[in-house]
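To start, the structure under review is shown below, and the notes come after it.
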Amino acid sequence: MNPYAIRTHNLSKEYNGENILKKLNLQLERGRIHAIIGPSGVGKSVLLRLLNLLEEPTSGEIYFDGRALRENERLKLQRRMTLVFQKPVLFNTSVYENVAYGLRVRGENRRSIAEKVKKALEVVGLKDYEHKGARNLSGGEKQRVAIARAMVLAPEILFLDEPTSDLDPRNVAIIEELVKYINREFKTTIVLATHNMFQARRLAHQASFLFEGRIIESGNAREIFTSPKDRRILRFIEGKIIF
Ligand SMILES: Nc1ncnc2c1ncn2[C@@H]1O[C@H](COP(=O)(O)OP(=O)(O)O)[C@@H](O)[C@H]1O
Ligand SMILES: [Mg+2]
């Protein structure tokens, strides 16, 4: 089996003639946690939308399991991936219904849905929340519902777009533990976009630094954080560049 869940070749994205992402060559190993690190506005969310096939690149290719994307497989591929947004968008119904939604769309039977929803809510620590209104929860709880909703779909690849940036330290810690747990327990490949270097350091096996539209360094997270080759990363680690 190809070791890379996703690989990109010269992946580029323009909006209105402006080059946001410039010829990115990424290699995302299966079963690992990858951090995409970069300052606000650099294009992390755009990159996740491209990888998740929600948007088309201007040029370049994406390979899944070593194979170029085929149009007739787009839906099948999309079903193997899930994206959790920075600000969770929940329906104005119960926690249970929110988590069950994707499974209903996929036509699963009631009993299987109930089992999966229950298990996912247990994992995210919201066991007794089934009947609560999703919109009334705290920010951290909402994000955990969003993660449970992603988890029930058992994605092979889970994209997390700055999942903790609006949360208090306690919820940040809960969600970070959860991310590690999901990766360990289900071998899910996780792609985490963050401007928070410390979070990337706590969670990631591999890291890619995005700066001015390019990947300035990519590889083993421990190596990059302890001895980066690019001086801008060093300055960032030393706190002289604020991302
Ligand atoms: N749909 C869009 N149309 C035009 N410009 C966009 C669109 N989406 C993102 N951009 C621009 O792309 C750049 C990168 O945005 P984004 O990926 O949201 O940054 P990040 O997630 O790293 O903070 C920004 O300048 C943003 O304005
Ligand atoms: Mg973003």
Side-chain angles (χ1 to χ4, degrees), residues 6-28 33-62 69 74 78 81-90 139-140 142-147 149-150 155 157-168 171-172 175-176 178-179 189-204 206-219 221 224-225 228 230 232-233 235-237 239-243:
I6 301 184
R7 212 157 54 72
T8 70
H9 177 247
N10 288 347
L11 190 70
S12 301
K13 182 67 179 177
E14 289 177 13
Y15 289 113
N16 316 315
E18 192 190 349
N19 246 331
I20 303 293
L21 298 175
K22 301 168 188 164
K23 299 195 171 182
L24 305 190
N25 293 302
L26 273 174
Q27 298 185 322
L28 306 180
I33 301 177
H34 304 266
I36 308 286
I37 310 165
S40 191
V42 76
K44 301 181 295 297
S45 297
V46 171
L47 175 59
L48 292 200
R49 294 201 300 268
L50 295 179
L51 298 179
N52 195 47
L53 305 177
L54 292 174
E55 269 188 65
E56 300 267 347
T58 308
S59 59
E61 298 86 41
I62 306 178
L69 172 68
R74 177 178 290 268
Q78 276 175 324
M81 311 189 275
T82 309
L83 172 61
V84 173
F85 297 96
Q86 179 171 351
K87 290 203 168 60
V89 186
L90 299 180
K142 280 184 187 150
Q143 192 57 294
R144 281 145 72 194
V145 171
I147 292 175
R149 185 169 59 184
I157 307 172
L158 176 63
F159 296 94
L160 301 170
D161 193 353
E162 311 228 31
T164 64
S165 56
D166 295 329
L167 304 181
D168 59 282
N171 274 295
V172 171
I175 285 176
E176 288 185 356
L178 191 54
V179 171
T189 304
I190 293 179
V191 186
L192 167 80
T194 181
H195 65 268
N196 183 336
M197 167 89 171
F198 301 102
Q199 175 161 79
R201 228 173 155 154
R202 286 191 293 271
L203 297 181
Q206 298 191 316
S208 299
F209 272 81
L210 265 183
F211 203 72
E212 293 172 352
R214 298 179 197 281
I215 294 174
I216 58 171
E217 200 161 330
S218 190
I224 291 184
F225 291 129
D230 193 291
R232 286 167 292 188
I233 299 175
R235 293 180 58 213
F236 177 48
I237 292 171
K240 289 180 187 144
I241 302 181
I242 308 299
F243 269 30

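In each ligand, atom 1 is the first atom listed, and ligand 1 is the first ligand listed. Note that this is a predicted model, so its numbers are computed, not measured.
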Closest approach of [X] and [Y], non-hydrogen atoms and distance?
X	Y	result
Val42	Leu21	O-CD2, 4.1 Å
Pro163	Ala193	CD-O, 4.2 Å
Val172	Leu167	CG2-O, 3.7 Å
Ile20	Gly43	CG2-CA, 4.1 Å

Short N/O/S contact of Gln86 with the Mg ion (ligand 2) (below 2.8 Å): no

Proximity of Arg49 to ligand 1 by residue part, where a heavy atom lies under 4.0 Å: side chain

Residue Phe198 excluded, over 12 heavy atoms near CZ under 6.0 Å: no

Nearest protein heavy atom with distance in Å, relative to [atom]:
atom	value
atom 3 (N) of ligand 1	Tyr15 CD2, 3.4 Å
atom 18 (O) of ligand 1	Ser45 CB, 3.7 Å
atom 24 (C) of ligand 1	Gly41 O, 3.8 Å

Is there a polar contact, in the sense of an N or O pair closer than 3.5 Å, between [X] and ligand 1?
X	value
Lys44	yes
Asn16	no
Glu162	no

Nearest-option assignment for atom 15 (O) of ligand 1, heavy atoms, candidates Val46, Thr194, Leu50, Asp161: Val46

Which of the ligand 1 atoms, numbered from 1, are nearer than 4.0 Å to a heavy atom of Pro39: 22 (O)

Contact atoms of ligand 1, heavy-atom distance to Ile20 under 4.0 Å: 12 (O), 13 (C), 14 (C)

